[in-house]
Peer 1: 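Sharing a structure here in C-alpha cells format.
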Amino acid sequence: MKKDSRIYIAGHRGLVGSAITNHLEEHGFSNLIARTSSELDLRDTRAVAVFFEEEQPEYVFLAAAKVGGIVANNTYRADFIHDNLMIQNNVIHQSYVHGVKKLLFLGSTCIYPKECPQPMKEEYLLTGPLEYTNEPYAIAKIAGIKMCESYNLQYGTDFISVMPTNLYGPNDNFDLEKSHVLPALLRKIHLGKALEQGDWKTIQRDLDRLPIEGVTGQSPQEDQLKMLHKYGVLLSDHGVQVEIWGTGAPMREFLWSQDMADACVFVMQKVDFKNLAEENVDVRNTHLNIGTGQDISIKDLALLIKKEVGFQGEFFFREDKPDGTLKKLTDVSKLKDLGWRYNVNLENGVKRMYEWYKE
Ligand SMILES: NC(=O)C1=CN([C@@H]2O[C@H](COP(=O)(O)OP(=O)(O)OC[C@H]3O[C@@H](n4cnc5c(N)ncnc54)[C@H](OP(=O)(O)O)[C@@H]3O)[C@@H](O)[C@H]2O)C=CC1
Ligand SMILES: C[C@H]1O[C@H](OP(=O)(O)OP(=O)(O)OC[C@H]2O[C@@H](n3cnc4c(=O)[nH]c(N)nc43)[C@H](O)[C@@H]2O)[C@@H](O)[C@@H](O)C1=O
C-alpha cells in the first residue's frame, strides 16, 4: 500500500474499523474511503456495486459486520447469518469485479469447534461441531473465509482472512444486552461504584448513553435504581452487587483494538496469497489467527476490572445466562513467525479503556 493508495475501510466507525482508520491516518495514508451504514447499506447488492464503480478502491479492510456478544448472537440468529453473509458476499464479490489489489476479511475465533484442541491452530477449522449460541455468525464467517480462498484459487485474487480473538477498546459497544463481556463488565462495575458512592450524576450521565425505558424523570433516583436493577447492578442490604453472566469459569483471550488495527495493516502490507504460494506455504489455510496467546477466566477478568475501577462491592453469578465455549485460546505462532506480536497487555488495556470511558 502506498500513502496515496485508495483504501476503503468498511465499518470505519466500529471498534476495529475506527482503530484501523486512526492507525492509517497516523501513518500518513491520505486517501481513505469510508461510508456509514446509513450512507451505504452493505447488504444492498446494487448499492455496493455502484459504490465500487464510483470509488474504485485499491485496498479493502472488511471490518463491517453484524457483531454482538453471546446473548445477542443467540437471540438474533437469523440477522447474524443473513446480514453477515450479505455484507461479505457483496464486498468480496465487488472487490473481485473491480480489481481490488488486496482485501482483508475479518472473521472470528468462534469459527473453531466448541471442543477444539487448545491452543486453536488455523488447521483445526471444520474439524468438529461449533458452539451453538453463535453458530449462525460462525457459519457466516466460515463462508467468508471459503469465499476469499475460492476467489483466490479461481480468479487469482489476493484476499486474506484474519481470525481475531475477543477484542476491546475505544468505540466498543456498551449496550448491556448486546455487547461483549469486557465492555459490559466495565460499564456495570463503573455503575456499581457510582451507586455505592451515591454519585447519581455519574449514573444519570451514563444511563443517558442508552435509551432509558420507563424512566419518567419524576423520581430520578427511584428510576435509576430500577434501570440499574435491569442492567444487573443491585443495591442490596449488604451493599452493591454486580451481576456476571454464566458461571465465571469460561476462559477468554482479549486483544486491545489498536493492536488489532496494527496487525491488520501489518498483514495487509506484509502478507499476500501469491507470495505465500510461491514460498510453498500451505495456502489452503488462507486465514491467520490474531491474538495474544494468553487467556483469563471471566471471574478473574471481573476482579481485574473491579480493581481498576475501584469498586468495593460484590459479584453474583446469573447461571441462567449461557457460558458458551469454555475455552478458545488462539495459537498465534503463524503470525509470530511472520514477525508480529501484540503490545498492550490486558491490565494496561483495561486501564486505558476505563480512562477513555469515564472521560
Ligand atoms: N469485537 C470483537 O470482539 C470481535 C470482532 N470481530 C470482527 O471484527 C469486525 C469488526 O467488529 P467490531 O468493530 O467489533 O464491530 P462494531 O459493531 O463495533 O462495528 C461494526 C461496523 O459495521 C458496520 N455495519 C454493520 N452493518 C452494516 C451494514 N448493513 N452496512 C454497512 N455497514 C454496516 C457498522 O457501521 P455504522 O457504524 O455506520 O452503523 C459498524 O461501524 C467484524 O467482522 C467482527 O465480526 C472478530 C472477533 C472479535
Ligand atoms: C468475539 C466472540 O464474542 C462472542 O462470543 P463470547 O466470547 O462467548 O461472547 P461474550 O463476550 O458475550 O461472552 C464471553 C463470556 O463472558 C460471560 N459474561 C459474563 N458477564 C457478561 C456480560 O455482562 N455480558 C456478556 N456479553 N458476557 C458476559 C458470558 O456468559 C460468556 O461466558 C460471539 O460474538 C462470538 O461469535 C465471538 O466472535
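This is a predicted model, so every value here is computed, not measured. The chain is numbered in sequence order, starting from 1. When a ligand or atom number is given, it counts from 1 through the structure's own listing order. Below, each value reflects all heavy atoms present in this structure, side chains not excepted, and no hydrogens, waters or symmetry copies.
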Peer 1: What atoms of ligand 2 come closer than 4.0 angstrom to any heavy atom of C110?
Peer 2: 35 (C), 36 (O), 38 (O)
Peer 1: Without hydrogens or angle criteria, can the side chains of D262 and Q258 be said to hold a donor-acceptor pair below 3.5 Å?
Peer 2: no
Peer 1: Charged N to carboxylate O under 4.0 angstrom, D79 versus K66?
Peer 2: no
Peer 1: Which bit of K188 gets closer than 4.0 Å to ligand 2, counting heavy atoms only: side chain, backbone, both or neither?
Peer 2: side chain
Peer 1: Please confirm whether I244 comes within less than 3.5 Å of ligand 2 when only nitrogen or oxygen atoms on both sides are compared.
Peer 2: no
Peer 1: Both conditions, 6.0 Å and 45 degrees, for the charged tip of R77 above the ring of Y132: are they met here?
Peer 2: yes
Peer 1: Please work out whether any backbone atom (N, CA, C, O) or any side-chain heavy atom from C-beta onward of K328 is under 4.0 Å from ligand 2, and answer side chain, backbone, both or neither.
Peer 2: side chain
Peer 1: Below 3.5 angstrom, do we get any N/O pair linking I70 and ligand 2?
Peer 2: yes
Peer 1: Using 4.0 Å as the upper bound for N to carboxylate O, is an ion pair formed by R318 and D320?
Peer 2: yes
Peer 1: Run down the list D175, L186, N134, L182 and name the one with the heavy atom closest to atom 35 (C) of ligand 2.
Peer 2: N134
Peer 1: Could you pull out, from R187, R252, E177, the option with a heavy atom nearest to atom 6 (P) of ligand 2?
Peer 2: R252
Peer 1: Under 4.0 Å from any heavy atom of G68, which atoms of ligand 2 are there?
Peer 2: 33 (C), 34 (O)
Peer 1: So that I can tick it off, tell me whether D331 and K121 are bridged by a salt bridge, with the cut-off set at under 4.0 angstrom between side-chain N and carboxylate O.
Peer 2: yes
Peer 1: Tell me whether the centres of the aromatic rings in Y342 and W256 are closer together than 6.0 Å.
Peer 2: no
Peer 1: Heavy atom under 4.0 Å from ligand 2: found in A72's side chain, backbone, both, or neither?
Peer 2: neither
Peer 1: Heavy-atom contacts with S108 under 4.0 Å: which atoms of ligand 2 show up? List them by number with element.
Peer 2: 37 (C), 38 (O)
Peer 1: Against heavy atoms of P322, which atoms of ligand 2 measure under 4.0 Å?
Peer 2: 29 (C), 30 (O), 32 (O)
Peer 1: Need the ligand 2 atom indices (1-based, order shown) with element for anything under 4.0 Å from a heavy-atom of D323.
Peer 2: 31 (C), 32 (O)
Peer 1: Under 3.5 Å between any N/O of G69 and any N/O of ligand 2: does that happen in this structure?
Peer 2: no
Peer 1: Which of the atoms in ligand 2, numbered in the order shown and given with their element, are less than 4.0 Å from a heavy-atom of N73?
Peer 2: 33 (C), 34 (O)
Peer 1: I'd like the residue list for ligand 1, meaning every protein residue with a non-hydrogen atom under 4.0 Å from the ligand.
Peer 2: G11, R13, G14, L15, V16, T36, S37, L40, D41, L42, R43, A63, A64, A65, V67, I87, L106, G107, S108, Y137, K141, P164, T165, N166, L167, H180
Peer 1: Anything under 30° is parallel, anything over 60° is perpendicular, the rest tilted; go ahead and classify Y151 against Y155.
Peer 2: perpendicular
Peer 1: When you measure from the centre of the six-membered ring of Y59, is the NZ or CZ of K102 under 6.0 Å away and within 45° of the axis?
Peer 2: no
Peer 1: Considering only NZ, NE, NH1 and NH2 on the basic side and carboxylate oxygens on the acidic side, decide whether E355 and R352 come within less than 4.0 Å.
Peer 2: no
Peer 1: Are E177 and K230 ion-paired here, with the side-chain N under 4.0 Å from a carboxylate O?
Peer 2: yes
Peer 1: Look at the aromatic rings of Y168 and F254 and report parallel, tilted or perpendicular, splitting at 30° and 60°.
Peer 2: perpendicular
Peer 1: Salt bridge check: are E55 and R6 linked by an N-O gap of less than 4.0 Å?
Peer 2: yes
Peer 1: As an exercise, identify every atom of ligand 2 less than 4.0 angstrom from a heavy atom of A184.
Peer 2: 22 (C), 23 (O), 24 (N)
Peer 1: V332 versus I290: any side-chain heavy-atom pair under 4.5 Å?
Peer 2: no
Peer 1: Verify the ring-centre separation between Y124 and Y112: is it less than 6.0 angstrom?
Peer 2: no
Peer 1: Judged on heavy-atom distance to atom 10 (P) of ligand 2, which of V181, I111, L176 sits nearest?
Peer 2: V181
Peer 1: Any side-chain heavy atom of I33 sitting closer than 4.5 Å to one from I7?
Peer 2: no
Peer 1: Please list, in number order, the atoms of ligand 2 under 4.0 Å from a heavy atom of P250.
Peer 2: 32 (O)
Peer 1: Of the listed options (T133, L326, I298), which comes nearest to atom 15 (C) of ligand 2 when hydrogens are ignored and any heavy atom counts?
Peer 2: I298
Peer 1: Using 4.0 Å as the upper bound for N to carboxylate O, is an ion pair formed by K101 and E58?
Peer 2: yes
Peer 1: If you measure every N/O of T109 against every N/O of ligand 2, is any gap under 3.5 Å?
Peer 2: no
Peer 1: Does any N or O atom in S179 lie less than 3.5 angstrom from one in ligand 2, N or O only?
Peer 2: yes
Peer 1: Between W245 and ligand 2, which part of the residue brings a heavy atom under 4.0 Å of the ligand: side chain, backbone, both or neither?
Peer 2: both
